Number of protein chains: 2
Amino acid sequence: MDYQNYVQMLKAMADPNRLKIIDLLSCGSLCACDILQHFDFSQPTLSHHMKVLQNAGIVFAVKDGKWQHYSLQKRFVQEFKQNTDQLLAADEHCLCQRSDCEKDVAN
Amino acid sequence: MDYQNYVQMLKAMADPNRLKIIDLLSCGSLCACDILQHFDFSQPTLSHHMKVLQNAGIVFAVKDGKWQHYSLQKRFVQEFKQNTDQLLAADEHCLCQRSDCEKDVAN
DNA sequence: CCATTACATAGACGATCATCTATGTATAGT
DNA sequence: ACTATACATAGATGATCGTCTATGTAATGG
């Protein structure tokens, strides 16, 4: 499994404010000023967070006049769930490579 | 949704080494020395990572003589998937609370 | 007992991070 | 043209993070 991209997603999500932004965008696209209203931090801070989310492939932006409309990347939603399932499944991709691997033992 | 616990899980997962530890443990319990063999960092560093994973509710430890056996918390596997689904679903829990909420608009 | 093994704790250090203020850059309205 | 609005960029700062070395502790074996 490709950790690199998944870790970047996790890092971007591992901030309460960015997680809330993702939650906001899960119901549709919003412009920066709309998002900002839900937070106490400054506008440059939001700009920073949006860039982190874009770099992680979580969010994409469309410019419309003065406004930047942000939306969740559909591909992110799909890939994140897929990577999560793969990570947490006790299946045959087992990394431990030990002869006494306990992958079949329930905990 | 309770961000606090979910964010703590995400933070703990947002490190490539800890993610690999989770992957290793997804196929069964391992002791610290077994886990350490898969990495280049020092033993205290592993001890630190295991504590982070325990504090996040991802891993639990059972002591057996000299050995510490680590396993994934079943509850974590379940709750993490559940929280992820809830976060990324465009359902009625919409936070934006705007009259023109676009939660029904596909992107 | 003493040495070894398995692991934890303490403290330090450099890197990364979230946030801020100050400022720049478009776009829109009058 | 001027002003206001929406957003980005630059640079600074304090906090957090991942890692290390040094050391402590508890269990095991001869």
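Fair warning: this is a prediction, and the values are worked out from it, not measured in the lab. Per chain, numbering begins at 1; letters A, B, ... match sequence-line order. Just so it is clear, the values below take in all heavy atoms, side chains as well, and ignore hydrogens, waters and symmetry mates.
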Measure the distance from [atom1] on [X] to [atom2] on [N] and round it to the nearest whole Å.
X	N	atom1	atom2	answer
A/L30	D/dA6	CG	P	15 Å
A/I35	D/dA6	CD1	P	14 Å
B/K11	D/dT16	NZ	P	9 Å
A/W67	D/dA6	CH2	C1'	8 Å
B/I21	D/dG18	CD1	P	11 Å
A/D64	D/dC7	CG	P	10 Å

Seminar exercise, completed: Contact span of DNA chain C against chain A, any nucleotide atom under 4.0 Å from a heavy atom, 5' to 3', runs C/dA18 to C/dA28
Exercise. Checking side-chain contact (heavy atoms from CB on, under 4.5 Å) for the pair A/I58/A/R18: CA distance, chi angles, key distance, verdict?
Worked result: CA-CA 11 Å; A/I58 294 177; A/R18 285 198 294 263; over 6 Å; no
Problem set entry | Set of residues satisfying side-chain hydrogen bond (donor to acceptor under 3.5 Å, both in side chains) with respect to A/S47, sequence neighbours excluded | none
For this session: Any chance you could lay out the side-chain contact (heavy atoms from CB on, under 4.5 Å) test for A/L46 and A/I21, step after step, and finish with the verdict?
Result: CA-CA 9 Å; A/L46 176 64; A/I21 293 172; 3.8 Å; yes
For this session: I would like to know whether A/K74 and A/Q78 meet side-chain contact (heavy atoms from CB on, under 4.5 Å); could you show each step before the answer?
Result: CA-CA 6 Å; A/K74 275 198 157 184; A/Q78 176 191 332; over 6 Å; no
For this session: Pick base, sugar-phosphate or nothing for B/F39, based on heavy-atom distances below 4.0 Å to the nucleic acid.
Result: nothing
For this session: Using a 4.0 Å heavy-atom cut-off across all strands, classify B/Q68 as base, sugar-phosphate, or nothing.
Result: sugar-phosphate
Exercise. Does the side-chain contact (heavy atoms from CB on, under 4.5 Å) test come out yes or no for B/M9 and B/E79, once each step is laid out?
Worked result: CA-CA 10 Å; B/M9 291 176 184; B/E79 280 190 6; 3.7 Å; yes
Exercise. Hey, would you say the A/F41 and A/H49 ring centroids sit under 6.0 Å apart?
Worked result: yes
Exercise. Given that A/N17 and A/Q43 both sit by DNA chain C, which one's nearest nucleotide is further toward the 5' end?
Worked result: A/N17
Problem set entry | Contacting residues from residues 44-53 of chain B, given that a heavy atom lies under 4.0 angstrom of DNA chain D | B/P44, B/T45, B/H48, B/H49
Exercise. Within a radius of less than 6.0 Å around NZ of B/K51, do more than 12 heavy atoms belonging to other residues, nucleotides or ligands occur?
Worked result: no
Exercise. Should the pair B/F76 and B/F80 be assigned to parallel (<30°), tilted (30 to 60°) or perpendicular (>60°) ring geometry?
Worked result: tilted
For this session: Would you check if the side chain of A/K20 reaches a backbone N or O of A/F39 as a donor-acceptor pair within less than 3.5 Å?
Result: no
For this session: Please determine if a side-chain N or O atom of B/S42 lies less than 4.0 Å away from the OP1 or OP2 oxygen of D/dT19.
Result: no
